[in-house]
Amino acid sequence: MSKLLLASNNPGKLIEIQALLQDLEVELVTPALLGLELTVEENGQTYAENAALKGLAFARLSGMLTLADDSGLEVDALDGLPGLHSARFSPKPGASDADRRRYLLERLEGTPPPWPARFRCLIALVTPAGVVRSTEGVCSGEIISQERGQNGFGYDPIFLIPQLGRTMAELSMDEKNQLSHRARAVLAARPYLADYLRNESLTDEG
Ligand code: IMP
């Protein structure tokens, strides 16, 4: 079975992506599992640049086909913040996901709801030779002020999917994987991945 390196040790992302690729002949491994340690400066101007930076760095280090994702939450009332800064959006040192959710809600105080928002995910699939293919997925919803649900990670408990009347954290992983930004980006990347598994190379971008 071929191995695919995920350029992240985020357990939430690992579980979701593993489920999305379970029918392919590929074993998803993490840097931690391989004993690889690398901190990649995410200093790109876009999600796509950051995903490619992470993917290229891990593909180079491991010599393996690598899947990197960069994702974030964009809140209209905050002019698109936290966006690229979603993972670090709190002034508190060592902030947790819960701290970041609290800080986001603090920033929204004074702006009347509804607070439309979207999650965005960019995937970079990177070959050991350094060829990059990027795909994108978006999931729209709105921020709510009361946390709901125990599943998922990050901003999921305050991200409502209006059509379902449930937050992302109230969805099972299978349900989240039907509609999430990451699921949509991974779905778009699957043809490239399947192609690589067949030919050990990537066809040109459509
Ligand atoms: P990244 O590791 O640079 O992609 O950081 C993305 C950050 O955006 C995460 O740490 C979360 O705070 C947030 N985020 C991304 N995807 C999700 C999701 O599916 N649910 C909740 N928060 C997410």
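Note that the coordinates shown come from a computational prediction; the quantities given were computed from them, not determined experimentally.
- In this structure, the separation between NZ on K13 and CD on Q18 is 14.5 Å, given to the nearest 0.5 Å.
- With values rounded to the nearest 0.5 angstrom, L122 atom CG is found 10.0 Å from K54 atom NZ.
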In residues 102-114, what donor-acceptor pairs under 3.5 Å come from side-chain atoms, sequence neighbours left out?
residue	atom	partner	partner atom	Å
R102	NH2	D99	OD1	2.7
Y103	OH	R107	NH1	3.1

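- To the nearest 0.5 Å, atoms CG (L36) and CG (L61) are separated by 5.0 Å.
- Looking at every heavy atom in both residues, T167 comes nearest to R148 through OG1-O, 2.7 Å.
- Interatomic distance, K176 NZ to H181 NE2, rounded to the nearest 0.5 Å: 5.5 Å.
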Give the C-alpha distance, both sets of side-chain angles, the deciding distance and a yes or no for side chain to side chain contact (heavy atoms under 4.5 Å, CB included) between M64 and L34.
CA-CA 11 Å; M64 293 170 64; L34 300 181; 3.7 Å; yes
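- One finds the CG atom of L84 at 10.5 Å from the OG atom of S71 (value rounded to the nearest 0.5 Å).
- Between F58 and P31 the shortest heavy-atom distance is CE2-CG, 3.5 Å.
- When all heavy atoms are compared, the tightest approach of S140 to P162 is O-CD, 4.5 Å.
- Ionic pairing of R118 and D76 is present here: one or more N-O contacts between side-chain nitrogen and carboxylate oxygen are shorter than 4.0 angstrom.
- Contact detail for N9 and A32: the closest heavy-atom pair is OD1-N, 3.0 Å.
- Annotation: the span from I17 atom CD1 to L6 atom CG amounts to 5.0 Å, rounded to 0.5 Å.
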Side chain to side chain contact (heavy atoms under 4.5 Å, CB included), that's the test. Do M168 and S180 meet it? Break it down for me.
CA-CA 9 Å; M168 205 77 126; S180 82; 4.1 Å; yes
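- In plain terms, the two heavy atoms of A189 and L125 that are nearest each other are O-CD2, 4.5 Å.
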